[in-house]
Undergrad: 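Structure incoming, see below.
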Amino acid sequence: YMQLLGVKYYMAFSPAAVKEARQQKDLTEIATSGPWVIFEVADSDIVTPLTNQPVVVKGADKDAKSWLHMSEDFFLDPKQWNVELAASGPKDWARIGTGQTPPETAVPPVAVSNITAGDDRISFDVDKVGVPVLVKASYFPNWQASGAQGPWRVAPNLMVVVPTSKHVSLHYGRTSVDLIAMF
């Protein structure tokens, strides 16, 4: 779950949790601070390539409950994680109904590099344009992309963008609703 969500570090202090963490191959102990033992999570980059093209689930985002139920089912079943389920997306992405099995349409491999992330910005480079990538930051409509189409909301509540250039930058911007509210 930590890798799915892009969690970079895990901290534990109870003897049982520390013992269990030390037995996990994807956790590397890197530091201690007081009672805390800090582990780095392997393979948890904030931007990662996809294996398959995302699939839009029709009606999954009609209200908060419909999205919650669909994304909860996705999150709790790691067997589904090979295809991202999206609220919307480009016309060439397949569409399915809630509860249907998504088709697996392989995408070309893409290398993601030079990832930088701050409180309200994420940027990265890709070696191919036109291939969707997963951005493991919470989706909200204020996210805006330069050098990519999207972002589109995918389960459980992450983002996918389709790069249109080899450098992609996302920033958390203001919408017209924000500007009107501030005025």
Side-chain angles (χ1 to χ4, degrees), residues 1-8 43-108 110 112 115-124 126 128-165 167-181:
Y1 291 115
M2 289 186 277
Q3 290 168 325
L4 170 70
L5 298 174
V7 174
K8 192 74 175 162
D43 301 321
S44 64
D45 288 325
I46 194 168
V47 182
T48 58
L50 295 172
T51 306
N52 293 299
Q53 189 175 75
V55 172
V56 176
V57 180
K58 295 180 281 187
D61 65 339
K62 67 182 178 193
D63 58 41
K65 282 188 179 184
S66 62
W67 181 261
L68 177 64
H69 292 303
M70 187 278 301
S71 61
E72 180 181 42
D73 291 343
F74 174 87
F75 183 69
L76 295 175
D77 185 4
K79 293 176 190 164
Q80 292 188 47
W81 295 355
N82 56 336
V83 177
E84 295 297 327
L85 301 179
S88 62
K91 291 180 181 184
D92 63 333
W93 290 3
R95 266 63 177 166
I96 61 171
T98 302
Q100 290 183 310
T101 302
E104 293 185 21
T105 305
V107 295
V110 60
V112 179
I115 301 168
T116 59
D119 291 339
D120 62 352
R121 296 188 183 284
I122 301 167
S123 67
F124 57 93
V126 294
K128 290 185 188 102
V129 298
V131 180
V133 295
L134 181 64
V135 180
K136 298 176 182 179
S138 285
Y139 172 83
F140 197 76
N142 290 49
W143 281 105
Q144 299 169 0
S146 297
Q149 295 175 324
W152 293 283
R153 185 183 196 185
V154 295
N157 195 49
L158 306 176
M159 300 182 282
V160 166
V161 296
V162 178
T164 57
S165 73
H167 181 75
V168 176
S169 178
L170 288 99
H171 72 279
Y172 195 83
R174 292 194 170 127
T175 66
S176 56
V177 173
D178 294 323
L179 296 174
I180 291 169

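These values consider heavy atoms only, across backbone and side chains, with no hydrogens, waters or symmetry-generated copies.
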Undergrad: Parallel, tilted or perpendicular for Phe75 and Tyr1, by the 30°/60° rule?
TA: tilted
Undergrad: Any side-chain heavy-atom pair from Val126 and His167 closer than 4.5 angstrom?
TA: no
Undergrad: Measure across Trp67 and Val154 and return the closest heavy-atom pair with its distance rounded to 0.1 Å.
TA: CZ2-C, 3.7 Å
Undergrad: Could you tell me if the side chain of Val7 sits less than 4.5 Å from the side chain of Ser44, heavy atoms only?
TA: no
Undergrad: Return the minimal non-hydrogen interatomic distance between Ala87 and Val56, and the atom names on each side.
TA: O-CG1, 3.7 Å
Undergrad: Can you tell me how far the CG atom of Asp119 sits from the NE2 atom of His171, to the nearest 0.5 Å?
TA: 14.5 Å
Undergrad: Rounded to the nearest 0.5 Å, how far apart are CG of Leu134 and CG of Asp45?
TA: 11.0 Å
Undergrad: Please report the shortest heavy-atom distance between Ile122 and Ala137, naming the atom on each side.
TA: CD1-CB, 3.7 Å
Undergrad: Can you confirm whether Val55 sits close enough to Pro103 that some side-chain heavy atom of one is under 4.5 Å from a side-chain heavy atom of the other?
TA: yes
Undergrad: Heavy atoms, side chains only, cut-off 4.5 Å: are Leu158 and Val135 in contact?
TA: no
Undergrad: If you take all heavy atoms of Asn82 and Glu104, which pair is closest and at what distance?
TA: ND2-OE2, 2.6 Å
Undergrad: Is there side-chain contact between Gln80 and Leu85, with heavy atoms separated by less than 4.5 Å?
TA: yes
Undergrad: Can you classify the ring geometry of Trp81 versus Phe74 as parallel (below 30°), tilted (30 to 60°) or perpendicular (above 60°)?
TA: tilted
Undergrad: Test your reading of the model: is there a side-chain donor-acceptor pair from Ser66 to the backbone of Ala60, 3.5 Å cut-off?
TA: yes
Undergrad: To check you understand the geometry: which heavy-atom pair defines the closest contact between Gly150 and Ala145, and what is its length?
TA: O-CB, 3.7 Å
Undergrad: Side-chain contact, heavy-atom cut-off 4.5 Å: Leu170 with Pro151?
TA: yes
Undergrad: How many angstroms lie between OG in Ser88 and CZ in Arg95, if you round to the nearest 0.5 Å?
TA: 7.5 Å
Undergrad: So which atom in Pro132 and which in Val162 form the shortest heavy-atom distance, rounded to 0.1 Å?
TA: CB-CG2, 4.0 Å
Undergrad: Can you confirm whether the side chains of Ser146 and Ser169 place a donor and an acceptor under 3.5 Å from each other?
TA: no
Undergrad: Measuring only between side-chain heavy atoms, which start at C-beta, is Leu5 closer than 4.5 Å to Pro156?
TA: yes
Undergrad: When you measure from the side chain of Thr164 to the backbone N and O of Gly147, does any donor-acceptor pair fall under 3.5 Å?
TA: yes
Undergrad: One pair to check against side chain to side chain contact (heavy atoms under 4.5 Å, CB included): Asp92 and Gln53. What are the steps and the verdict?
TA: CA-CA 10 Å; Asp92 63 333; Gln53 189 175 75; 4.0 Å; yes
Undergrad: Is it the case that the side chain of Lys136 and the backbone of Gln3 share a donor-acceptor pair, with hydrogens and angles ignored and the cut-off at 3.5 Å?
TA: yes
Undergrad: Within a strict 4.5 Å, meaning less than it, do heavy atoms of the Thr105 and Asn52 side chains meet?
TA: no
